[in-house]
Amino acid sequence: GPIGLLNFVKEGQLHLDLWSSDIFLSNVGVRFGSENVYTRLSFGTQPELPDRQARSGLTLGVGLNFDVSQSAWLAFDVGATWLAFSADDTVPLDFDFADSSLYDLRGMVGFELFDTFSAFAGLSLNTYVDTDGRERRGLAVIEGETFGGDDTFIRLWPGFFAGIQL
């Protein structure tokens with residue numbers, strides 16, 4: 001069948017994912033599409049911590065899913081996240097919609113534990129691009145390498161995530 005950024009298939013896959021990552025403490029998302037090609041829509045949030053600024057993000061991605069056995073699967077996807085950072089630490093929902101984006105390339109393995117319940121974990125390669133002139137620290141557990149200067153910063157780092165799929 002056809003492959004696109006949004007993959008709606010009458011008898012395809014539809015999954016609810018809940019996970020934690022090095023970038024956002026809590027994430028919720030849906031994956032939908034054909035048997036092997038899916039679209040990922042997700043929302044993640046990170047509360048304020050001593051070394052991490054509060055933020056949220058909305059992600060759109062596309063990926064490939066492969067069954068490797070009756071109970072195990074592999075998936076690979078790429079996504080783009082629109083980020084919003086907390087503008088005022090005393091007002092939890094006051095966000096500054098920064099001129100920044102996050103891009104990720106993810107690979108994961110999942111194991112079906114019950115008919116409609118899987119656990120998954122994976123690694124990611126993350127790229128953060130900031131064009132508002134503020135180099136933000138504390139985006140993830142691993143700071144990675146930063147390039148650029150003046151008004152544009154680009155940061156690359158490896159990441160990790162784990163969660164459940166319903």
CA sep, side-chain torsions, deciding dist, call: Gln13, Asn65, side-chain contact (heavy atoms from CB on, under 4.5 Å): CA-CA 10 Å; Gln13 62 175 304; Asn65 188 73; 4.0 Å; yes
Under 4.5 Å between any side-chain heavy atoms of Phe43 and Ser56, yes or no? yes
Heavy-atom closest contact (Met108 atom, Asp77 atom, distance): CE-OD2, 3.8 Å
Minimum-distance pair of heavy atoms, taken over all atoms of Gly107 and Phe161: O-CZ, 3.8 Å
Keeping the roles fixed (side chain from Asn36, backbone from Leu64), state whether a donor-acceptor pair exists under 3.5 Å. no
Min side-chain heavy-atom separation Glu112-Gln70 under 4.5 Å: no
Just verifying a value: how many Å separate Phe114 CZ and Ser71 OG, rounded to the nearest 0.5 Å? 12.5 Å
Heavy-atom closest pair (Ile23 atom, Arg55 atom, distance to 0.1 Å) is O-NH2, 2.8 Å
Using a 6.0 Å distance limit plus a 45 degree cone around the ring axis, check whether Arg106 lies over the aromatic ring of Trp19. yes
Considering all heavy atoms of both residues, which atom of Ala75 and which atom of Tyr38 are nearest to each other, and what is their separation? CB-OH, 3.7 Å
For a quick test of reading the model, state the closest non-hydrogen atom pair linking Leu25 to Gln46 and the distance between them. N-OE1, 3.1 Å
With no hydrogens and no angle check, do the side chains of Tyr128 and Asp130 hold a donor and an acceptor under 3.5 Å apart? yes
